[in-house]
Number of protein chains: 2
Amino acid sequence: MQISSRFTVALHIFTCVEVFRGEYKITSDFLASSIHTNPVLIRKILAQLKAAGLITVARGTGGIEITRALSEISFYDVYEAIEPLEDGDLFRFHDAPNPDCPVGRNIHALLDGKLAAIQRAMEEEMRKYTLADLDEGIRALLDAEQKGEEGT
Amino acid sequence: MQISSRFTVALHIFTCVEVFRGEYKITSDFLASSIHTNPVLIRKILAQLKAAGLITVARGTGGIEITRALSEISFYDVYEAIEPLEDGDLFRFHDAPNPDCPVGRNIHALLDGKLAAIQRAMEEEMRKYTLADLDEGIRALLDAEQKGEEGT
DNA sequence: TTTGATGTAACTATTGACATTACAACAAAG
DNA sequence: CTTTGTTGTAATGTCAATAGTTACATCAAA
């Protein structure tokens, strides 16, 4: 089971906001065109990011503002805003294991700690990357493109 | 998006095989009863574990054998056998970002490395736990149950 | 008041998870 | 060699989530 594309779409949105700030008016239509999807999906994701307090969206006139310094928003913040995990658990269990079976009634006690550690390892790694890294990365890539063109 | 319960069901199966070996004949019906699901789901998971070479299943007569030492089968081995990840990637992207947009045509170069690192962090943690840990853990839990009963 | 944008609701298509029934294939015991 | 119990697997149904699309009310600024 893969993690839904809405997470990478959200990162794409942030990157566009950083790159095109001032240059273009960043609307949901504009973003939908870059990501190659439809504006409604973008607006739903923007609504989630707004609910998490990561951005503000100007109604009527359009325009997206990031509320914190880029280095203060990690991949995990974005992931948490976007992915609705039931009870915050990454791993699903089967509904109701048999309490009459010694294994069935102990399976949660047996696995919960280990699964939580695995989930934590992933989330900790997510905290290491921030929007500032994205900003830096995309500018390096665009510079490289520029130089490539000059070389021809 | 959560990881499907088939992974924890597989760990449940292994635990049952270890605990009830010799004591009961471990059939898909028996397992389905402990996990509280239906035998066909169990058989499909057994088929995946068999395809990965982790177990053998005796047709006709029934019975499951684990092919390696418990300490030689990690959670990751089970996860890999069970979860069909497209191209091995945990994170999904949107289908076809716009190549005319500077961000759209660079989004993979920008994100791929970081996402792979996050996935790797999770998988490395998964490698730390083995079926031997499960065996040890369940026996400790069952001993504790025993003592709790004696106490009353 | 017009214009252009966001916020949402409603509907659809597609996919995956999981449950369930049914039956063929098979191995061992009698 | 027939019975019995089990695995292997196809077919079908239900349910939830993803994602696309249309439509329109709401809103802010020119």
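Naming: A, B, ... by sequence-line order, numbering from 1 per chain.
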Original post:
Less than 4.5 Å apart, any side-chain heavy atom of B:F91 and any of B:I118?
Top reply: yes

**OP:** Indicate yes or no: at least one non-hydrogen side-chain atom of B:I13 is less than 4.5 angstrom from one of B:I35.
**Re:** yes

[X] side-chain N/O to [N] phosphate OP1/OP2 under 4.0 Å:
X: A:T61; N: C:dG4; value: no
X: A:R6; N: D:dT18; value: yes
X: A:S5; N: D:dT18; value: no
X: A:K44; N: D:dA19; value: no
X: B:R92; N: D:dT18; value: no
X: A:H94; N: C:dA19; value: yes

For [X] and [N], give me the distance from atom [atom1] to atom [atom2], rounded to whole Å.
X: B:N38; N: D:dT14; atom1: CG; atom2: P; answer: 16 Å
X: B:H36; N: C:dA19; atom1: NE2; atom2: P; answer: 9 Å
X: A:E83; N: D:dA19; atom1: CD; atom2: C1'; answer: 14 Å
X: B:F93; N: D:dT18; atom1: CZ; atom2: C1'; answer: 17 Å

**OP:** For B:R127, enumerate each residue passing the salt bridge (charged side-chain N to carboxylate O under 4.0 Å, His left out) test, keeping only those at least two apart in sequence or located in another chain.
**Re:** B:E124

**OP:** Find which nucleotide of DNA chain D each of B:L46 and A:G60 is nearest to by heavy atoms, and output the residue with the more 5' nucleotide.
**Re:** B:L46

Shortest side-chain distance from [X], nucleotide among [options]:
X: B:K50; options: C:dC18, D:dG8, C:dA22; result: D:dG8
X: B:R43; options: D:dT7, C:dA17, C:dT8; result: D:dT7
X: B:V57; options: D:dT7, C:dA17, C:dT6; result: D:dT7
X: B:T27; options: D:dT7, C:dA17, C:dT8; result: D:dT7

**OP:** Return yes if the base of D:dT26 and the side-chain atoms of A:R59 contain a donor-acceptor N/O pair under 3.5 Å, otherwise no.
**Re:** yes

**OP:** Just call it for B:A58: base, sugar-phosphate, or nothing, with non-hydrogen atoms closer than 4.0 Å on any strand.
**Re:** sugar-phosphate

**OP:** Tell me, yes or no, whether the heavy-atom count around B:H108 atom NE2, taken from other residues, nucleotides or ligands under 6.0 Å, exceeds 12.
**Re:** yes

Original post:
For B:H94 and A:T8, does a side-chain donor sit closer than 3.5 Å to a side-chain acceptor?
Top reply: no

